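No hydrogens, no waters, no symmetry mates; every other heavy atom, side chains included, goes into these values. The model shown is predicted, which means the values in this text are computed figures rather than measured ones.
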Amino acid sequence: MTVASGLVVAGSIATATTAAADDTAQRPGGATATIGGLTTYGGAVIHDGDGEQQLPAGLFEMFVDGGGTLQTYCVDVLNPTQKEAKYQETPWSGTSLDGNKDAGRIRWILQNSYPQVNDLAALAAKAGAKSLTEQDAAAGTQVAIWRYSDGVDVTAVDPEAEKLADYLQKSARNVAEPAASLTLAPSAVSGRPGERLGPVTVHTDADGVTLTPPSEATEAGVKVVDADGKPVTSATDGGELYFQVPEDMADGSAELTVQASTTVPVGRAFTSETHSQTQILAGSSESTVSATATASWAEEGAIPALSAEKNCADGGLDITAANKGDETFTFALMGIEYAIDAGETHTVTIPLQEDQAYDFTIKGSSGFARQFKGVLDCRTETEASAGGESVQTLSEPSPATVGGNATSVSTDLAETGSSGATPVIGGIAIALVVVGGAVMVLLRKRNQ
């Protein structure tokens with residue numbers, strides 16, 4: 001696993017009186033990808049009280065933003081997969097795997113079957129099968145996963161694929177959830193000008209990330225530094241980063257996105273901001289991964305730092321608010337007002353219904369705004385409602401309708417809540433973006 005060797009240094013200064021609310025604070029980090037379709041698959045049959053339903057079973061291909069490809073199986077057999085849906089690497093706690101006592105067995109299956117094991121003759125011998133084609137191996141692996149992810153009575157159409165599925169199901173052992181390919185924690189910090197805001201800790205399985213601020217950042221005086229205040233040019237797993245903000249800097253905010261190139265760990269989950277079938281990683285090429293952290297500062301008043309994470313255990317969205325200011329930070333959501341006293345940090349859970357799309361913006365003083373949007377998708381369709389769902393037949397292998405009814409999909413998020421272009425009052429924010437291991441800084445100042 002290596003870091004991208006090339007550095008792309010870019011920067012520009014822009015001024016504006018309005019800005020779109022930032023929706024990156026909720027992103028957990030890692031790979032972001034677009035789903036293509038089923039590439040290697042066979043047939044499977046679901047047996048239930050209504051009879052038998054056939055559907056394709058096998059590997060999907062996903063295309064990573066910035067470069068790279070992923071191979072995935074699905075973990076929600078009756079949910080539709082939306083064509084070209086965008087997916088984000090996600091902790092198990094934000095998916096239907098949360099609370100599934102057999103989630104670790106699914107990862108064992110991924111580690112011990114196709115495509116991680118591509119010696120099909122050896123795999124067939126372990127399974128007691130005469131032989132296995134790639135299609136058989138993919139179908140058998142997917143069937144075994146569905147038995148643990150959805151608890152359905154499902155069998156492979158091909159007898160040899162069925163032997164593989166039985167072998168994997170019986171042999172599976174619980175193993176731990178894999179770590180994220182790349183995250184920054186916390187994903188939001190705040191404080192006053194003249195302070196070092198942080199730390200933001202790098203967590204990655206890549207060899208490291210490289211930070212090279214362009215000249216605009218140096219001229220403005222905003223820097224990314226270590227705990228001793230020294231400018232940071234590289235970081236590895238466990239490294240701590242700080243935003244160094246000049247004392248005379250106007251109230252504002254900064255965004256730091258770190259990128260690296262690495263292979264994503266097998267077993268990482270992927271979810272979509274639309275209601276599209278949850279995926280689990282079976283294989284990864286060298287791929288671009290990223291993570292984002294934000295910093296906000298003000299001379300006085302409330303200085304909030306907001307981050308969000310789906311909480312499937314409690315059926316909602318956890319919003320963590322830290323207030324480094326000298327006044328109480330208050331905000332209202334869904335008719336409830338929350339107050340975070342100066343110097344305190346609290347996490348509140350916003351209750352949401354299963355499959356509910358959300359899109360809301362939390363605002364503060366000095367133009368502070370954070371937008372959060374997505375879909376709460378914490379249960380498989382078999383858990384939510386096993387009856388009445390249509391399942392795609394083998395004659396219709398398009399992933400756009402695999403395993404479900406497209407009419408149940410949430411509408412486009414841009415139409416379900418507040419606009420993504422919610423104006424931010426008064427001026428100029430600072431954005432730091434690591435591009436291919438470099439930092440791009442965008443400077444904005446408030447109108448005077």
Applying side-chain hydrogen bond (donor to acceptor under 3.5 Å, both in side chains), can you list everything that pairs with [X], at least two apart in sequence or on another chain?
| X | result |
| --- | --- |
| Asp98 | none |
| Gln244 | none |
| Ser181 | Glu89 |
| Arg192 | Asp326 |

Please report the interatomic distance [atom1]([X]) to [atom2]([Y]), rounded to the nearest 0.5 Å.
| X | Y | atom1 | atom2 | value |
| --- | --- | --- | --- | --- |
| Leu241 | Leu197 | CG | CG | 12.5 Å |
| Trp146 | Ile106 | CH2 | CD1 | 12.5 Å |
| Ser149 | Ile280 | OG | CD1 | 8.5 Å |

Checklist entry - If only atom types and distance count, is the side chain of Asn174 paired as donor or acceptor with the main-chain N or O of Lys101 below 3.5 Å? => result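 Checking the backbone N and O of Lys101 against the side chain of Asn174, a donor-acceptor pair under 3.5 Å is found.
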If the condition is salt bridge (charged side-chain N to carboxylate O under 4.0 Å, His left out), which residues does [X] pass it with, not counting sequence neighbours?
| X | value |
| --- | --- |
| Glu177 | Arg268 |
| Asp102 | Arg105 |
| Arg107 | none |

Checking [X] now: which residues fulfil side-chain contact (heavy atoms from CB on, under 4.5 Å) with it, not counting sequence neighbours?
| X | answer |
| --- | --- |
| Pro199 | Glu240, Tyr242 |
| Ala322 | Ala305, Thr345 |
| His203 | Thr183, Ala185, Thr201, Asp237 |
| Gln279 | Ile35, Phe60, Met62, Thr72, Cys74, Thr81, Tyr87, Phe270, Gln277 |

Next on the checklist: Listing request: all side-chain hydrogen bond (donor to acceptor under 3.5 Å, both in side chains) pairs with a residue in residues 327-339, at least two apart in sequence or in separate chains.
Outcome noted: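 Found Thr328-Asp341.
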Next on the checklist: Let's go through Thr274 and Ser272 carefully: what are the C-alpha distance in whole Å and the side-chain angles of both, what is the deciding distance for side-chain hydrogen bond (donor to acceptor under 3.5 Å, both in side chains) to 0.1 Å, and is it a yes or a no?
Outcome noted: CA-CA 5 Å; Thr274 60; Ser272 175; 2.9 Å; yes
Item to check | Phe329/Leu306 under side chain to side chain contact (heavy atoms under 4.5 Å, CB included): CA gap, chis, key distance, verdict | outcome: CA-CA 11 Å; Phe329 174 62; Leu306 299 178; 4.1 Å; yes
